[in-house]
Amino acid sequence: MGIMRVQFPDEITLTNTNKIMYGAKKITKLDVLMYYRKLAPYLLPYLKQRDLTLIRCPEGIDHETFYQKNTPDYAPDFIHLRKKLSCHSLQALIWYCNQGAIEYHIPFTLHHNENPYDIVIDLDPPSLPTFSLAVEAAMMLNQMLNDLHVHSYVKTSGNKGLQVFIPTNGSFTWKQTKLFTKFLTEYLLEASPSLFTTERLKSKRNERLYIDEVQHSKGKTIIAPYSLRANDHALVSAPLFWHET
């Protein structure tokens, strides 16, 4: 217990740390807590100043899971900053994790600015074996954005795809960013219509990669960088260098 006191905030009493959270991988709740404690310095900057949507799995991913957006009445004082969930500190992050939170989703806006802080192009291939489609689309976007002298970065979705982020720092309106998103999407569709689609019905995609154009919208959320995903492989939405893609 001495190690745990050093590594975790004193305000939080960890519970049921031996509980299996990922059955296929035999990953315990303590494993998940240790992961988020170690990655907190990298994850927290993305969570601060944003509303938060959690996917909670109190008994592990093989049992009932649910979304949570609002602050519960029983939350401690360091959580009660807003009616909607937010995460401004290590204490809050570990408290959420101790409550069984696995996934951390964030909107595109900050608390103080209605304009989007990021543009995100979500690239969703039909299956893991076709992941190369996401790589191809991401590299095409990277080349185009470099030609336009627009900074971007890429991360895994934590499932089977990739997400290309373009930071805007709230300098553009939703109307402006959605025009740019549409421009990038149409570029991919015109370049390779046999590989990419914006068709929302899976049955009509014909094994093409789905470009989720509507994901970048007011009120929508995206999985936060470094968040675990509630899937059998315990994957992470991991930021990458472009040369790693």
Side-chain angles (χ1 to χ4, degrees), residues 21-22 29 32-33 35-37 39-58 60-61 63-72 75 79 81-124 134 153-168 170 174 177-178 181 200 210-240:
M21 300 301 285
Y22 290 87
K29 185 177 178 182
V32 174
L33 283 158
Y35 170 81
Y36 278 117
R37 176 62 186 90
L39 272 291
Y42 306 98
L43 173 61
L44 281 171
Y46 294 100
L47 303 184
K48 290 179 178 178
Q49 302 183 58
R50 301 192 197 225
D51 293 333
L52 185 63
T53 299
L54 302 175
I55 293 184
R56 288 180 54 188
C57 313
I61 70 162
H63 301 275
E64 182 181 2
T65 67
F66 59 92
Y67 286 86
Q68 184 170 354
K69 294 185 176 183
N70 295 324
T71 304
I79 298 291
L81 298 174
R82 300 169 58 85
K83 181 179 179 181
K84 292 186 177 181
L85 287 178
S86 57
C87 188
H88 293 75
S89 66
L90 173 63
Q91 289 89 339
L93 176 62
I94 298 303
W95 189 83
Y96 292 138
C97 188
N98 194 49
Q99 294 291 310
I102 295 289
E103 295 192 11
Y104 296 76
H105 294 251
I106 53 176
F108 301 100
T109 55
L110 303 185
H111 290 156
H112 64 273
N113 193 340
E114 292 186 358
N115 291 341
Y117 200 74
D118 319 274
I119 293 173
V120 181
I121 309 295
D122 193 15
L123 305 171
D124 184 18
Y153 60 95
V154 64
K155 72 179 181 72
T156 64
S157 68
N159 281 321
K160 61 183 188 295
L162 291 171
Q163 296 164 347
V164 176
F165 274 64
I166 304 165
T168 65
W174 276 106
T177 57
K178 287 183 74 67
T181 302
R200 292 184 64 79
Y210 174 54
I211 307 168
D212 193 348
E213 185 179 7
V214 299
Q215 183 65 32
H216 178 71
S217 301
K218 193 171 184 179
K220 296 278 189 177
T221 63
I222 200 82
I223 189 71
Y226 301 105
S227 175
L228 285 165
R229 301 304 301 264
N231 54 38
D232 288 341
H233 299 289
L235 299 179
V236 173
S237 184
L240 304 171

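These figures come from a predicted structure and were not determined experimentally.
At least one side-chain heavy atom of Lys29 sits under 4.5 Å from a side-chain heavy atom of Asn98. Side-chain contact between Leu54 and Gln99 is absent, with no heavy-atom pair separated by less than 4.5 Å. In this structure, the side chains of Ile94 and Arg37 come closer than 4.5 Å at one or more pairs of heavy atoms. Counting heavy atoms from C-beta on, the side chains of Ile106 and Ile222 come closer than 4.5 Å. Within the 4.5 Å cutoff, side-chain heavy atoms of Tyr226 are placed close to those of Tyr35. Side-chain contact between Gln49 and Tyr117 is absent, with no heavy-atom pair separated by less than 4.5 Å. The closest side-chain heavy-atom distance from Asp118 to Thr168 is not below 4.5 Å. Within the 4.5 Å cutoff, the side chain of Cys97 has heavy atoms near those of the Val32 side chain.
Taken from NE2 in His105 to CD1 in Ile223, the straight-line distance is 3.5 Å, to the nearest 0.5 Å.
At a threshold of 4.0 Å, the pair Lys220-Asp122 does not count as salt-bridged, since none of the basic side-chain nitrogens sits closer than that to a carboxylate oxygen.
Residues passing the side-chain hydrogen bond (donor to acceptor under 3.5 Å, both in side chains) test with Asn159, sequence neighbours excluded: Asn231.
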List the steps and the verdict of ring-ring contact (aromatic ring centres under 6.0 Å, His included) for Tyr36 and Tyr96.
-> CA-CA 10 Å; Tyr36 278 117; Tyr96 292 138; over 10 Å; no
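A side chain to side chain contact (heavy atoms under 4.5 Å, CB included) with Leu228 is found for exactly one of Leu235, Val236, Ile55, namely Val236.
Sparse packing is recorded around NE2 of His233, with 12 or fewer heavy atoms of other residues, nucleotides or ligands lying under 6.0 Å away.
The aromatic rings of His216 and Trp174 lie tilted to each other, with the angle between the two planes from 30° to 60°.
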